[in-house]
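One-based numbering, in listed order, for ligands and for the atoms of each. None of the values given here were measured: they were computed from a predicted structure.
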Amino acid sequence: METTINGTKLVLKIGDITEEDTQAIVNAANSTLMGGGGVDGAIHSKGGPAILEECKKIRQTTYPDGLPTGEAVITTGGNLKAEYVIHTVGPVCHGRFTENHEKLLYNAYYNSLKVAKENGIKTVAFPSISTGAYRCPLDLSARTAMMAVIDFIKNENYITEVRFVLFTDSIYYYYEEALKEILNEA
Ligand code: APR
């Protein structure tokens with residue numbers, strides 16, 4: 001599914017985010033920035049050690065206690081097609097979705113686009129943050145993700161394309177429904 005809002009192309013697709021050729025791809029990291037499984041594991045294993053090296057530098061300087069939930073940082077994309085990886089940490093929901101979870105997940109998407117703009121990046125791909133190991137409910141997470149991205153697009157006409165790269169058709173379904181709902185409300 002594709003649409004254009006305030007001059008920014010918004011694309012939903014099924015795929016492996018490590019294959020994306022946007023300038024930046026967003027990593028669903030944890031606060032240690034030392035890697036993990038899921039998207040994090042795929043990005044580090046395909047992107048190579050240069051990514052982890054820059055994550056270590058970030059931990060030694062800007063975020064010695066770890067990247068707080070909802071914040072975002074940028075590193076090289078290493079061997080990936082994407083030039084950059086924007087690492088963000090979503091909330092751990094354990095199947096619930098409180099107002100705080102919603103706010104933190106919103107911030108993770110919004111701040112990732114802020115970091116993209118600060119670095120002159122115009123095309124960004126997102127995974128479905130916090131809906132895997134962090135067990136945030138897909139329907140509410142997809143809506144929050146869409147709200148954050150569309151708010152940023154409306155507030156700042158800078159980014160030219162945002163993609164949501166969803167690992168399976170069932171995950172895609174939730175993002176498609178969320179986008180349709182928001183477009184119908186507009
Ligand atoms: N491309 C796109 N989406 C992917 C990929 C991939 N290569 N691999 C997994 N996904 C999807 C999952 O299916 C899920 O929908 O990304 C979504 C997020 O799942 P996780 O990667 O588990 O991320 P999250 O729920 O945010 O948990 C983060 O898991 O991997 C660890 O280090 C990470 O501790 C952190 C936690």
Side-chain angles (χ1 to χ4, degrees), residues 1 10-49 51-52 54-56 58-59 63 65-73 75 77-82 84-98 100-113 115 123-146 148-149 161-179:
M1 179 178 177
L10 187 52
V11 176
L12 306 185
K13 61 187 283 192
I14 298 168
D16 174 348
I17 198 166
T18 64
E19 293 300 317
E20 285 306 304
D21 59 358
T22 44
Q23 283 175 283
I25 64 170
V26 176
N27 181 22
N30 60 58
S31 59
T32 70
L33 292 177
M34 293 298 108
V39 174
D40 203 1
I43 286 175
H44 279 280
S45 65
K46 276 213 183 143
I51 298 175
L52 187 60
E54 290 194 14
C55 287
K56 285 177 183 168
I58 291 168
R59 287 295 316 277
Y63 288 107
D65 300 328
L67 182 64
T69 302
E71 298 301 322
V73 292
T75 68
N79 306 322
L80 292 168
K81 290 175 191 162
Y84 299 98
V85 176
I86 293 171
H87 306 261
T88 191
V89 181
V92 182
C93 295
H94 300 304
R96 296 163 44 245
F97 202 66
T98 64
N100 194 40
H101 290 145
E102 182 181 6
K103 181 173 162 296
L104 291 169
L105 187 62
Y106 182 100
N107 290 348
Y109 283 94
Y110 201 94
N111 288 331
S112 292
L113 291 176
V115 166
T123 60
V124 181
F126 282 102
S128 172
I129 299 169
S130 276
T131 62
Y134 282 1
R135 293 187 49 236
C136 292
L138 263 166
D139 53 349
L140 297 170
S141 301
R143 183 171 171 77
T144 303
M146 227 33 95
V149 167
E161 182 172 349
V162 176
R163 295 179 197 163
F164 282 94
V165 183
L166 306 158
F167 217 31
T168 67
D169 52 3
S170 59
I171 299 166
Y172 176 91
Y173 164 81
Y174 286 103
Y175 282 77
E176 189 180 43
E177 287 305 300
L179 180 53

### Message
Donor-acceptor pair, distance only, cut-off 3.5 Å: does the side chain of His101 make one with the backbone of Val92?
### Response
yes
### Query
Hey, is the main chain of Cys136 close enough, under 3.5 Å, to the side chain of Thr131 for a donor-acceptor pair?
no
### Task
Check whether the side chains of Thr98 and Asn100 place a donor and an acceptor atom closer than 3.5 Å, and report yes or no.
no
### Task
Evaluate the side-chain proximity of Gln23 to Ile86: yes if any heavy-atom separation is below 4.5 Å, no if none is.
no
### Query
Does the pair Phe97 and Thr144 meet the rule for a side chain to side chain contact (heavy atoms under 4.5 Å, CB included), with working shown?
CA-CA 11 Å; Phe97 202 66; Thr144 303; 3.5 Å; yes
### Query
Quick check: are there more than 12 heavy atoms from other residues, nucleotides or ligands sitting under 6.0 Å from NZ of Lys81?
yes
Identify the protein atoms, limited to N or O, that lie within less than 3.5 Å of an N or O atom of ligand 1, and list each pair with its distance to 0.1 Å.
residue  : atom   : partner : partner atom : Å
ligand 1 : 1 (N)  : Ile17   : N            : 3.0
ligand 1 : 7 (N)  : Asp16   : OD1          : 3.0
ligand 1 : 15 (O) : Thr131  : OG1          : 3.2
ligand 1 : 21 (O) : Val39   : N            : 2.8
ligand 1 : 22 (O) : Ala133  : N            : 2.9
ligand 1 : 25 (O) : Thr131  : N            : 3.4
ligand 1 : 25 (O) : Gly132  : N            : 2.8
ligand 1 : 25 (O) : Ala133  : N            : 3.1
ligand 1 : 25 (O) : Tyr134  : N            : 3.1
ligand 1 : 26 (O) : Ser130  : N            : 2.8
ligand 1 : 30 (O) : Gly37   : N            : 3.0
ligand 1 : 30 (O) : Gly37   : O            : 2.7
ligand 1 : 32 (O) : Asn30   : ND2          : 2.9
ligand 1 : 32 (O) : Asp40   : OD2          : 2.7
ligand 1 : 34 (O) : Asn30   : ND2          : 3.2
ligand 1 : 34 (O) : Tyr134  : OH           : 3.3

